[in-house]
Amino acid sequence: PSPAVRVLLECYRAWWSESRRDTKCITHREASSLDPATSSPILFDTEAVHLAAGGLWLSLTPLRVNFSDDGHTIVLPPESRRGAVSSFALNWTGGEAARGGEAAG
């Protein structure tokens, strides 16, 4: 695999291992149901790969967030002192491939 894919797989294995080890982790149940050699949570795969490859068609938005006790993401007001600021890919910026068509070229 390419260096970017190697890093992506390494990060996935670290998430999986730590999530399985820590029973209090909000992703423990999900990680316990997966074998990283054969599967991964599909919801995040394409976006993670796209970001690892440069994220050409994604617009990243900084938001201050925190997490509820049951694992839900809570968006906080920007001036809040709680939580942390993180970047979220909320929109595609363009390109036919981003809309499901073929890239021009």
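When a residue number appears, it is its place in the shown sequence, counting from 1. All values reported here derive from a predicted model rather than from experimental measurement.
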Report, one line per pair, each donor and acceptor closer than 3.5 Å where one atom sits in a side chain of residues 20-29; sequence neighbours left out.
from	atom 1	to	atom 2	distance (Å)
Arg20	NH1	Ser32	O	3.2
Arg21	NE	Glu18	OE1	3.1
Arg21	NE	Glu18	OE2	3.4
Arg21	NH2	Glu18	OE2	2.4
Asp22	OD1	Lys24	N	2.9
Thr27	OG1	Trp15	NE1	3.3
Thr27	OG1	Ser19	OG	2.6
His28	ND1	Ser19	O	2.9
His28	ND1	Arg20	O	3.2

Inset, instruction - State plainly whether one hydrophobic cluster holds both Phe88 and Leu60, where clusters connect Ile, Leu, Val, Met, Phe, Trp and Tyr through side-chain heavy atoms under 4.5 angstrom apart. - result: no
Inset, instruction - Would you indicate whether the side-chain heavy atoms of Phe67 and Ile74 approach each other to under 4.5 Å? - result: no
Legend entry - All side chain to side chain contact (heavy atoms under 4.5 Å, CB included) counterparts of Ser33, not counting sequence neighbours: none
Inset, instruction - State yes or no: do Val85 and Leu90 share one hydrophobic cluster built from I, L, V, M, F, W and Y residues joined by side-chain heavy-atom distances below 4.5 Å, directly or via other members? - result: no
Legend entry - Set of side chain to side chain contact (heavy atoms under 4.5 Å, CB included) partners for Ser80, sequence neighbours left out: Arg64, Leu76, Pro77, Arg82
Legend entry - Under 3.5 Å donor-acceptor, Trp16 side chain and Asp35 backbone: no
